[in-house]
Structures are given as structure tokens and as C-alpha cells.
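Heavy atoms only: backbone and side chains are in, while hydrogens, waters and symmetry mates are out. Chain letters run A, B, ... following the sequence lines, proteins first, then strands; residues in each count from 1.
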Protein chains: 2
Amino acid sequence: MASRAKATIFDIAREAGVSKSTVSLVLQGSGLIRPETTSKVRKAIEDVGYVYNRGAANLRKAHSNVIGMVINDLTNPFFAELAVGMERVFQSAGIVPFIANTAENPVRQEEVLKSLMEQGVAGLIVSPARGTTPGAFRRIETAGVPVVFAMRRLPESRIPVIAPDNHRGAYLAAAHLVGKGHRRLAFFGGSSDLVVYHERLGGFREACETLGIAARDILIVEGETSRKGGIACLETALAMAEPPTAALCFNDAVAFGAMLALRKRGLEPGADFAVVGFDDVVEAEHYMPALTSVAVDSAGLGERAAHVMLKMIQSRTTRAEDHIGAVNLVVRESCGPDRRTRNRPAGSGGAA
Amino acid sequence: MASRAKATIFDIAREAGVSKSTVSLVLQGSGLIRPETTSKVRKAIEDVGYVYNRGAANLRKAHSNVIGMVINDLTNPFFAELAVGMERVFQSAGIVPFIANTAENPVRQEEVLKSLMEQGVAGLIVSPARGTTPGAFRRIETAGVPVVFAMRRLPESRIPVIAPDNHRGAYLAAAHLVGKGHRRLAFFGGSSDLVVYHERLGGFREACETLGIAARDILIVEGETSRKGGIACLETALAMAEPPTAALCFNDAVAFGAMLALRKRGLEPGADFAVVGFDDVVEAEHYMPALTSVAVDSAGLGERAAHVMLKMIQSRTTRAEDHIGAVNLVVRESCGPDRRTRNRPAGSGGAA
DNA sequence: TTGATTTATTGGAACGTTCCATTTATAGGC
DNA sequence: GCCTATAAATGGAACGTTCCAATAAATCAA
């Protein structure tokens, strides 16, 4: 069917008996061309099996229409949702975002960013890999390509950030636990090379302090942000002389791990030890027991990030406001009933 | 710092006092250039903040180095794993694959494919959206771009397929249930517009027939391939006059839904009703009860698909062999103990 | 009719690279 | 020193578009 060499606008032009310029105009949907000519060209396009060469076009045009999404862990359903939210708004803008996975590896991230830049992306939405150096984006900034960070921020960077209110989320969760009567609290998982970690831990600490929990009654256990990490954290915690009775987990995966470990020890999550997660992934609702967690609306944050990006491209700026998304604690069963029912009414705590 | 207009090889050439051709050679790592010259050029590249323009290069070069991965549902952890497997092998080949999500929407898929083609991809790995028309890839085939299907196939297509042995997987699972003493079996979830559905259902049917289950004792309930679908299927099944006592589910999500629905009715998955999943996603192991499921090694299939693609590109062909990946049943707790322990020994069934 | 105005169409240069055919510099053999 | 062989560097054309300025055709006012 199609000739071996790929067809160009010249082939179309010959086929339709017009000039290459006319074809180009038709391709761009210019209203300057006579309707009959347009349809003649359209037909020729079909006949020769033409595929538009965006690379060639971008050589002349200033702006490309591709946007890169760089995600640190596609396996985490949480990030997949973020991606889905972004795609929703880009789609309606006629843009197809390209997603690339860095697998939490800064070196890989470097490669991915380089490749995306070479491809001539119009903008980059990035959830930076752990351990990203502050200078990793200097190159891109000086090239004038707009970047927004989603979910995570870098220590000393002026790049706009779209993220949930981690501090408040953790505060709410900790307050919930204290409200349930717990007096010895733990924070499970995460590590201090993540800004998010400090934000969440900060909210947790503030709540403890405000609500009169003594510093010696709070236990911080760093660990992997996975089920495995959660298991390890719980083991560590229960090995203490005076173990905590409740834990706020860095994320839901850690919480799932902690619950699993409890079960293995014959303890019932909720009744014997309260656990709260963070992120509220879909599985949280379906776990046994259903996990109380801080909902962050990741798809919504994805949409927001995409909108900010679109605006930046439009106004050809590389600056934008940060956006901190609202969070809310969704209370399920993993914290069990109140510990001291005589003191406070049942059903305290956050929104559903 | 960087000049406003983006730097080109000419800027580098001026800076380094060489010709553009020399710069090009350095960029390509040609050994023809004197080491001192090379480092002089390298320095200039840094100084002017150069970023390579792959679009311009592809204009002359025959082949691009981007590969598109088109996935029907990124939210499904199963596909995320597939993607991760592919990335692993592409990375070592110095290729950055771009992932795009079609959200199971053929129209969206069309857009995505078009965009990827315009970008000049060297190849496409696709898990086609449900309802993809047989002609959807004709355009791409005639353009001579290699395509491989992963996980799913299209009814009448000559495009190579990398997929698990669905028939055998379903056979193993059904045989396991029969071996446990079940005599009234159901197949939950999926719909007949998916080739995979027919493959899995076929294996299920063959096992039933071979092992002497009467046709009137098997129940097929189509439904969404999600938790919600699983819940619906179970409700339908238990509403029957003579309900089944076990179900093979189209995938793990459906199985999780079915188990959830059982619990809601006060029934214990495993003891009261056996359920087997398909795919063996990571959550399967951590569920309560842990889900017996057919493991398909999705990351492995992703790697395989990537290898096939690489080979196709290398040998500039658009044809390749199908590859059917081995499956194995991993037995956990969701089918409970044997129904008729007097007849057969405990611990029958597949590998771990 | 003629010139002015509007509407359609067109040729040419430019975009940033690669690659071939040359030229220029360096080294080797005598 | 001179010729040849090799190594290193270079200029020019080409890749497939866009866009501007220019042309050609059609319409209008007088």
C-alpha cells in the first residue's frame, strides 16, 4: 500500500495538485484555504498514508505540545491516581502527556529528564525521586522550561509545588488518636531525606505537644515506606519497654504492614493497637479492618498541577504559586472504639 | 546565565573554536576526534547550557530512540508492574520508554497512538483498550512501525502477542477447586468483548468438562473487572436457587470484591465459599484471607515484550512470534480446607 | 475599463541536526 | 626533504516542517 519511504507534505502536494504550503495550511486548519481545496488535500493525505512529523514542525515552531510527567514510583497506586488526574485535564487541552518512571532512583531520573528535554517538552510535572540533589533541575530552569513539583518538594528550590497539607493531615490523625484515649504514640515509617517526612512528623509532634503528650511518650521509628517497612516498624515498637498503643503511619502501605504484623502476633488492629494511615488509597476502605487514613485527593492534586502547568506555559513564565491541597481524616475501623469511653463521647474525630 | 535563545551546535562550535561538524561528531561519541578537542567541546557544551535537539536529529537519522508504551489502565497495579518490567530492559538498552494511558477508552487510544506516531517512535508496545476495532492499527502497520501487544490480543490481527497462558491458568484454578471437592462452580467477572475473557473461560470450561462437572452446575456471571464487579457477581450468584460453592474470578480485583461481599453477608471466604483470583497482584498475599491466585509474572512478560520489540527494531521487521508466558497457581487460604477430606489428602494443588 | 481591495495560493528561507565528500594537519618511510 | 598514508577537522546538502513575503485570481468601486 504505502510507499516504502514515509510520505511528506510534498507527496501530498503532488497528489492533490497544490503546493506544499497549501498542504501545510490545511494541516494547521487555517481558514484561508478554499473548502474544495481543503477536501482535495484531505483525501490526498489519506491516500498516501501520511503521518505528521512533529519533530520537523517543532524545528520551526517555538513550542511543542508534549508535556512530561516524571513519577518516582508508578507501582504505588497513589501515584497512578495522580497521573490519571493530570491526564484528565491535559486531554481536554489536546495534549498527550508522556509518563516516565524513575523508580525512586535519582540517576534514572537524570536520564529521564534529559531524554524528555531532548524531546523538546513544553513542560515537566515531576514527583522527584528520593535523594534528588538540589541542582538536578538547574539545567532545566535555565533552559526556561516550566517545571512543577507534585506531591513532593525539594529542600531549597523555587519551583512551584502542588502537594497536600501534610502537616495538617498528620495533626488531625494524631489528634484523633489522642482523642481515642491513647497516651503513648508512635510515628512509623519514612525517612528524613524526604521533605514530606518532616512535614508529617511535624504535624504529629505539634498535635502531641498541644494535647499534652510528653516527649518521652512518643516514639519515632524510621523505615521503608512499604508494607515491609511497616512490619519492621511495628516489631521495633513492640520490643520497647513501654510500647506505644497507637501509631500514625507515614503512608497506607506502612499501615497495612503494621496491621499485618499485629495479626501475626495475634493482636487485633483497632482493638489492641490503633493504626492510622496516610494517603487513603482505594485499598484502605477494603482492608480488614478498614483503615482510618488521611485522604489527600491525589487525582484532584494531579488536576491542579496540570492546570498550573498549562497556565505557566501560556504565560511563558517559570514561576507559579504553590498550592497546598486540603486533607481530611476518614475514620474507619483501624483505631477501634475509644480507650476511655467514660471520659468522652463515642464518635469523636474527623469527617467521613 | 544562558542566553535567551536556546543554544545550538553552532554556538558550541563558536565557543570551542571548531566547526559544527566537529561538535556533532563529539556529540555522537565518534572516535575520530582528538581527545583534547573533545574535552574542549565538552566544556563549551556545559558553558552554553546546550540541550540536544532530538527532533532535529531525527530529521536526518532514520531511527528515533523512543518507544511508546500504551497501557489501558495504569491504575491497575498489574499493568504498572508490566510497565516496570519493560522499563528495566529498555533502560539497559539506553532507551527511555514513554508511557501513555488510554483509560480503557478506544477514542483516547486513537489520540495517544497518533501523538506517539507523530513523535516518531521507533516502536509501540500496546495493551489495547477494550473495544479496540481491528482496523485501529492498520495505519501504524503500513507505516512500518513495529508493534507488539502485551497481555491482550485483538481478534483478527497479525501483530505479535506477549501474554500469559490464560487457558492453562484458568484450567489449573478450576481443577484446584474441583480437587477441593466443589461441584457447583462459578466464573466471575469480565466480558466477552475481551479475548482474554474467552481464553480464561475456555480453560475453566475445559477443566469442568474433563473433571466431570455437569454443564448445568456451572454458572457464568459477566461483570466489571473491578472490586465493584466482584461484589455484584457474588450477589447474583448467591441469589440463585442452587448457588455455587466456589468461584474462579476473572482477576484479583474481582476476587477481592467477591470476598468483601461474602464478609458483608457474614460468610467466611475460604470456609464457606472458595474463591480463586487471577494475576496474583502483590496485595493477594496480604489479604485476609490470603488469596489463592494464578500468578502470571507480569514484570517478566514486560521484559519479554521489550526484548521482542528490541529485536524487531534491530532486524527492521514488523513480524515476530507470539510468546505465551508460563503461569502457576499459588495456593493460599481463600479456598479453605478440602470439602471432602475423607476422599483425598490435604495439601493438593499447585506450586507455591 | 482601471485601479484598489480582498481572497487563495505559492516559493523560499529557516529551524538544528547528520553524513558524505573534501580539505588540512600529522606521521611514516625512504 | 618529498611522497604517501593516516588522522583530524570541515563545508555543504539534506531531512520535513512553518511562516513570511510575494504572486495570482477574484471581487468591487468608480
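Between the OH atom of Tyr52(B) and the C1' atom of dC15(C) there is a distance of 15 Å, given to the nearest Å. With rounding to whole Å, Arg14(B) atom CZ is found 12 Å from dG16(C) atom P. Between the P atom of dG16(D) and the CG atom of Asp11(A) lies a distance of 8 Å, rounded to the nearest Å. In this structure, the CD1 atom of Ile12(B) is 7 Å from the P atom of dT17(C), given to the nearest Å. When rounded to the nearest whole Å, the span between CG of Leu32(B) and P of dT24(C) equals 19 Å. For His63(B) and dT18(C), the NE2 to C1' distance is 16 Å, given to the nearest whole Å. Per the geometry, CG belonging to Asn65(A) stands 12 Å off P belonging to dT18(D), to the nearest Å. Between the P atom of dG16(D) and the CD atom of Glu118(B) lies a distance of 15 Å, rounded to the nearest Å.
Between Pro35(B) and Leu59(B), the residue anchored nearer the 5' end of DNA chain D, judged by the nucleotide with its closest heavy atom, is Pro35(B). Mapping Ser21(B) and Ile33(A) onto DNA chain C by nearest heavy atom places Ile33(A) closer to the 5' end of the strand.
The existence of a salt bridge linking Arg152(A) and Glu104(A) is confirmed by a sub-4.0 Å separation between a basic side-chain nitrogen and an acidic carboxylate oxygen. Here Glu118(B) pairs with Lys114(B) in a salt bridge; the nearest charged N to carboxylate O distance falls below 4.0 Å. With respect to the salt-bridge test (charged N to carboxylate O, under 4.0 angstrom), the residues Glu141(B) and Arg138(B) do not qualify.
Here Gln28(A) does not reach the OP1 or OP2 of dT17(D): none of its side-chain N or O atoms lies under 4.0 Å away. Within the 4.0 Å cut-off from OP1 or OP2 of dT18(C), at least one side-chain nitrogen or oxygen of Ser24(B) is found. Contact between the side-chain N/O atoms of Ser19(B) and the OP1/OP2 oxygens of dA9(D) is not found at any separation under 4.0 Å. Phosphate contact (OP1/OP2 of dG16(C), side-chain N/O of Thr8(B), threshold under 4.0 Å): absent.
Among the protein residues, Phe10(B) comes within range of the nucleic acid bases, having at least one heavy atom under 4.0 Å from a base atom. Residue contacts shown for Leu27(B) are absent, as no nucleic acid heavy atom lies under 4.0 Å away.
With hydrogens and angles ignored, a donor-acceptor pair under 3.5 angstrom links the side chain of Lys20(B) to the base of dG12(D). The base of dT18(D) is paired with the side chain of Arg60(A) by a donor and an acceptor separated by under 3.5 Å.
Distance from the side chain of Thr37(B) is smallest for dA8(D) among the nucleotides dG11(D), dA8(D), dT17(D). Which of dT17(C), dT10(C), dT18(D) sits closest to the side chain of Ala57(A) comes down to dT18(D). Closest to the side chain of Arg34(B), from the set dC15(C), dG11(C), dA8(D), is dA8(D).
Between Phe137(B) and Phe149(B), the ring center distance clears the sub-6.0 Å criterion.
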Steps toward side chain to side chain contact (heavy atoms under 4.5 Å, CB included) verdict (Arg130(A), Ser191(A)): CA-CA 10 Å; Arg130(A) 178 176 319 171; Ser191(A) 55; 3.9 Å; yes

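In this structure, a donor-acceptor pair under 3.5 Å is present between the side chains of Gln28(B) and Ser24(B).
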